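What follows is a set of notes on a single structure, which appears directly below.
If you read the sequence from its start, that first residue is 1, and numbering goes on from there. Note that the structure is predicted; figures quoted are calculated from it, not measured.
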Amino acid sequence: MVKYKNIIFAVLIGLFLFFSFYPTIFELQYKDKLADKRREFILEHNYYWPDYNLYLSKIKQGIQGHLTAVEKYTSEIHQGSFIQEFYLGLGWLGRVLNLDPNSSYLLGRIILSPMLLITIFLLVKYYFKSLPWQILAFLVTITSGSFPRIFTDSAGVTHVGRYMEWWSNIDALQRITFIPHILFAQIVSFYLLYNLTLNIQHLTYKRLLIYIILGNAVGLTFPPSLITLITVLLITLILKRGGAREGLPNVASQGSSNQYTTFNTGGLKQSLGNLSGRTIKLIFIIFNLPSLLYIFLITKHLPWSALVEFHRTHPMMIPFDQYILGTGPIFFLGIIGAVISIIKRDKKFQPLIFWVLATFSFAAIFSVVKDQSPLRFTQTGLFIPLGLLGTYFFYQVWQFIRQVCGETMLFEHAHGLKHHESAGWRMSGASLGGAQKSHGRPQQTSENNYQIATAAFIIIISFYLLGSLFMMKTSLDWQTTWISQRIGANIPPVPYPPQTMYPLREWMDGIRWLRNNTENNNVVLAEITAANHIPAYSGNTVYWGQSNTVDYDRKEKEVHAFFSGQMSPTQAQLFLKNGKIKYIFFSIQEKEKAGGKNLENIYSFVKPIYLNTIVIIYSIYE
């Protein structure tokens, strides 16, 4: 049975991975078929946001052999840090395998995506014993997504879309193979949640040490996940739940003698002495504080404070009504499941409930306290506890149907026997047979009601899953349509956001010239799209180009003033000197700001050192 179960879930995991990766596969099929032959194919990801190139810039540093990451999107001199060390690690992996940054990023998705689904499978196996319920829980958790959004386009055609389409982490299809560091944080945090609350009886000193290392890795990679995990553990400590000697009820036990998963406290004593579950959790929390403390302290200093400051001045707020609609029916099913588990005192669901509570609490807090984007806390894998709690609701409905119909049939059966015993002494054999026959009709009716209720339940579940799959198909169509538009597009020549179009080949030739002819620490000045690409593809530092830029808004105005000729020669020279700028990338976007003029016609102290039909690279006279 175990063998077949593993085969079934391996097939399901493979199917959903293919489903989620299909847009990438679809795009690769057209890499040599771009409509605009002036453009070159670059495999990119998460097109809405200018963060993709930020990740590539860190991966590139790993490929170059760096041990700590520096911020390439700002020109202030600084030392490397462990922030985004995760992508440096991907770069080292790419270095070993001789991959470029884009392929290394894709490799991260390929490695981590199945691990996420395996982690979900691990939780599903724990919470539900029977194979049908495990399959249902897996499908509900993976597929649940947005309510359908009906809208009409400019041509009057009606379409079905999703709520909050711009927030790709909420999309049931995209989140399976999402951004690598988000996947890593979700995998490790839920794996740790499982082992520190539900499977703590198997803990040893060696495993605890590994869990502490993993927790700190999550803290450095994506702090909201570790903060949420620690909050859940703290709540269990405060409520004095989940100690090492407690037995937790098994959801799908159906009243069997194995209804409780009893912790083997003897084994725990052999491995961790007399430490209780509360003490183990406290040790884990204390020894994971260093990563959060490091993040807290280093983001008080330039340039690492820039992102925090950017979130303060450009907060990504949560439209909670839209977010709930985007989360879909599973939000309400999960909440009902949580309430039922509290009423029934199914304590093993507490960690999941606490995770949901912590997520929305932090989202609400940071909607008021603008030190962090509240949307970040929705990226911690909220769909996992909601999916499991929603399935628990379905399970309880099924148990209710069985209980009500079963009690009805038992009552009618007992009533029939009593009638037979009281009346049989005055019945002839024929009349007794008639009595038995008449009793069969209500029993048959109860069995029919049970079958009807069961069929209705199965139909409802089927419609729910089919609806969820339809919304995933809607996402797939949306993604492939978007990719098809990119493949066929020829305007604008240089877009923003940076990933919305494939770059012009000659434009990229200019960036490659910088890579081959300048030092990585040389600072380059460019407009937003080129500045966003240069650190990722040439390895140079830029003065401004991404939200990690120090004093983003001021530098944006300075760049605009420089290229538009609003600075006097003296002001421009002082600006370049203070910004440590050595090269200027001048192309279509920059020329538009300059009113169609070349830069040497505005400032006499610049000289062209590279030229093609659309790019001029200038150096600066000392």
For this session: Take Phe377 and Phe366, measure what ring-ring contact (aromatic ring centres under 6.0 Å, His included) needs, and give me the verdict at the end.
Result: CA-CA 9 Å; Phe377 284 91; Phe366 286 105; 5.3 Å; yes
Exercise. Side chains of Thr541 and Pro535: does their closest heavy-atom pair fall under 4.5 Å?
Worked result: no
Exercise. Is the closest side-chain heavy-atom distance between Glu527 and Val494 below 4.5 Å?
Worked result: no
Exercise. Between Phe310 and Asn548, is any pair of side-chain heavy atoms under 4.5 Å apart?
Worked result: no
For this session: Would you check if Leu183 and Met115 make a side-chain contact, meaning some heavy-atom pair closer than 4.5 Å?
Result: no
Exercise. Can you find a heavy atom in the side chain of Gln61 that is under 4.5 Å from one in the side chain of Leu88?
Worked result: yes
For this session: Quick one: do Val550 and Glu309 satisfy side chain to side chain contact (heavy atoms under 4.5 Å, CB included)? Show the steps, please.
Result: CA-CA 9 Å; Val550 172; Glu309 184 60 31; over 6 Å; no
Seminar exercise, completed: Closest non-hydrogen atoms of Thr74 and Pro303, given as atom of the first, atom of the second and distance, are CG2-CB, 3.5 Å
Exercise. Checking Asn288 side chain against Asn216 main chain: does a donor-acceptor pair fall under 3.5 Å?
Worked result: yes
Exercise. Between Asn6 and Phe121, what is the shortest heavy-atom contact and its length?
Worked result: OD1-CZ, 4.1 Å
Problem set entry | Atom pair CG (Leu357) and OG1 (Thr228), whose distance is rounded to the nearest 0.5 Å | 11.5 Å
For this session: Compare all side-chain heavy atoms of Ser20 with those of Gln174 and state whether any distance is below 4.5 angstrom.
Result: no
Seminar exercise, completed: Minimal heavy-atom distance between Trp355 and Leu229, with the atoms involved, is CZ3-CA, 3.8 Å
Exercise. Do you know the tightest heavy-atom contact between Ile295 and Gly219?
Worked result: CG1-O, 3.8 Å
For this session: Output, in order, the C-alpha distance, side-chain angles, deciding distance and verdict of side chain to side chain donor-acceptor pair (under 3.5 Å) for Gln134 and Lys125.
Result: CA-CA 6 Å; Gln134 289 177 355; Lys125 280 177 59 179; over 6 Å; no
Exercise. Nearest heavy-atom pair of Lys60 and Ser538: which atoms, and what distance?
Worked result: CE-C, 3.8 Å
Exercise. Would you say the side-chain atoms of Asn169 pair up with the backbone N or O of Thr378, donor to acceptor, closer than 3.5 Å?
Worked result: yes
For this session: Check whether the ring centres of Phe184 and Phe222 lie less than 6.0 Å apart, and answer yes or no.
Result: no
Problem set entry | Residues Gln84, Lys58; criterion side chain to side chain contact (heavy atoms under 4.5 Å, CB included); working and verdict | CA-CA 7 Å; Gln84 295 178 335; Lys58 299 300 189 290; 3.0 Å; yes
For this session: Apply side chain to side chain donor-acceptor pair (under 3.5 Å) to Gln479 and Ser475, showing your working.
Result: CA-CA 6 Å; Gln479 291 181 69; Ser475 170; 3.1 Å; yes
Exercise. Less than 4.0 Å between a side-chain N and a carboxylate O, is that true for Lys473 and Asp477?
Worked result: yes
Exercise. After noting the C-alpha distance and the side-chain angles of Tyr194 and Thr119, does the key distance pass the side chain to side chain donor-acceptor pair (under 3.5 Å) rule?
Worked result: CA-CA 9 Å; Tyr194 170 76; Thr119 302; over 6 Å; no
Exercise. Tell me, do Leu116 and Gln186 make a side-chain contact under 4.5 Å, heavy atoms counted?
Worked result: yes
For this session: Flag the pair Phe284 / Tyr211 as yes when their ring centroid distance falls below 6.0 Å, and as no otherwise.
Result: no
Problem set entry | Leu220/Ile83 under side chain to side chain contact (heavy atoms under 4.5 Å, CB included): CA gap, chis, key distance, verdict | CA-CA 6 Å; Leu220 293 174; Ile83 292 181; over 6 Å; no
Exercise. Side chain to side chain contact (heavy atoms under 4.5 Å, CB included) with Thr177: which of Phe18, Phe21, Phe19, Phe16?
Worked result: Phe21
For this session: Starting from the C-alpha separation in whole Å, work towards a yes-or-no answer on side chain to side chain donor-acceptor pair (under 3.5 Å) for Gln396 and Tyr392.
Result: CA-CA 6 Å; Gln396 290 300 326; Tyr392 178 71; 3.2 Å; yes
Exercise. Relative to the ring of Phe360, is the ring of Phe320 parallel (under 30°), tilted (30 to 60°) or perpendicular (over 60°)?
Worked result: tilted
Problem set entry | Atom pair CG (Leu139) and CG (Leu465), whose distance is rounded to the nearest 0.5 Å | 5.5 Å
Exercise. Which heavy atom of Pro351 sits nearest a heavy atom of Lys347, and at what distance?
Worked result: CD-O, 3.9 Å
Exercise. Do the ring centers of Tyr55 and His45 come within less than 6.0 Å of each other?
Worked result: no
Problem set entry | Trp133 and Phe128 aromatic ring geometry - parallel, tilted or perpendicular at 30°/60° bounds | parallel
For this session: Supply the atom-to-atom distance Leu192 CG to Ser225 OG, rounded to the nearest 0.5 angstrom.
Result: 10.5 Å
Exercise. Taking atom types as modelled and ignoring hydrogens, do the side chains of Lys348 and Thr197 form a donor-acceptor contact shorter than 3.5 angstrom?
Worked result: no
Problem set entry | Lys/Arg cation over aromatic Phe383: Arg175, 6.0 Å, 45° cone | yes
Exercise. What distance do Met501 atom CE and Ile42 atom CD1 have between them, rounded to the nearest 0.5 Å?
Worked result: 12.5 Å
Exercise. Do you see a donor-acceptor pair shorter than 3.5 Å between the side chains of Ser144 and Tyr464?
Worked result: yes
Exercise. Taking the inter-plane angle between the rings of Phe26 and Tyr30 on a 0 to 90° scale, is it parallel (under 30°), tilted (30 to 60°) or perpendicular (over 60°)?
Worked result: tilted
Less than 3.5 Å apart, which donor and acceptor atoms pair up between the side chains of residues 326-342 and the rest of the protein, not counting sequence neighbours?
| residue | atom | partner | partner atom | Å |
| --- | --- | --- | --- | --- |
| Thr327 | OG1 | Tyr323 | O | 2.8 |
| Ser341 | OG | Ala338 | O | 2.7 |

For this session: Give a yes or no answer on whether the side chain of Lys281 reaches the backbone of Leu237 with a donor-acceptor pair at less than 3.5 Å.
Result: no
Exercise. Ion pair present between Lys31 and Glu40, side-chain N to carboxylate O less than 4.0 angstrom?
Worked result: no
Exercise. Do Ile230 and Leu292 pass the side chain to side chain contact (heavy atoms under 4.5 Å, CB included) test, and can you show the C-alpha distance, the side-chain angles, and the key distance before you say yes or no?
Worked result: CA-CA 11 Å; Ile230 286 177; Leu292 297 180; 3.9 Å; yes
Exercise. Any salt bridge between Arg486 and Glu27, counting N to O under 4.0 Å?
Worked result: yes
Exercise. How about Phe147 and Tyr163: are their ring centres within less than 6.0 Å of each other?
Worked result: no
Problem set entry | Heavy-atom side-chain contact between Thr143 and Met472 under 4.5 Å | yes
For this session: Please say whether more than 12 non-hydrogen atoms of neighbouring residues, nucleotides or ligands are located less than 6.0 Å from CZ in Phe463.
Result: no
For this session: Mind telling me whether His533 and Trp507 have parallel, tilted or perpendicular rings, with 30° and 60° as the class edges?
Result: perpendicular
Seminar exercise, completed: Value for CD1 (Ile179) from CZ (Arg109), rounded to nearest 0.5 Å, stands at 9.5 Å
Problem set entry | Aromatic ring proximity, centroids under 6.0 angstrom, Tyr73 and Trp544 | no
Exercise. Would the number of heavy atoms belonging to other residues, nucleotides or ligands and lying under 6.0 Å from CD1 of Ile491 be above 12?
Worked result: no
Problem set entry | Among Asn102, Ile63, Asp100, side chain to side chain contact (heavy atoms under 4.5 Å, CB included) partner for Leu56 | Asn102
Exercise. Rounded to the nearest 0.5 Å, how far does CG of Leu17 lie from CD1 of Ile176?
Worked result: 7.0 Å
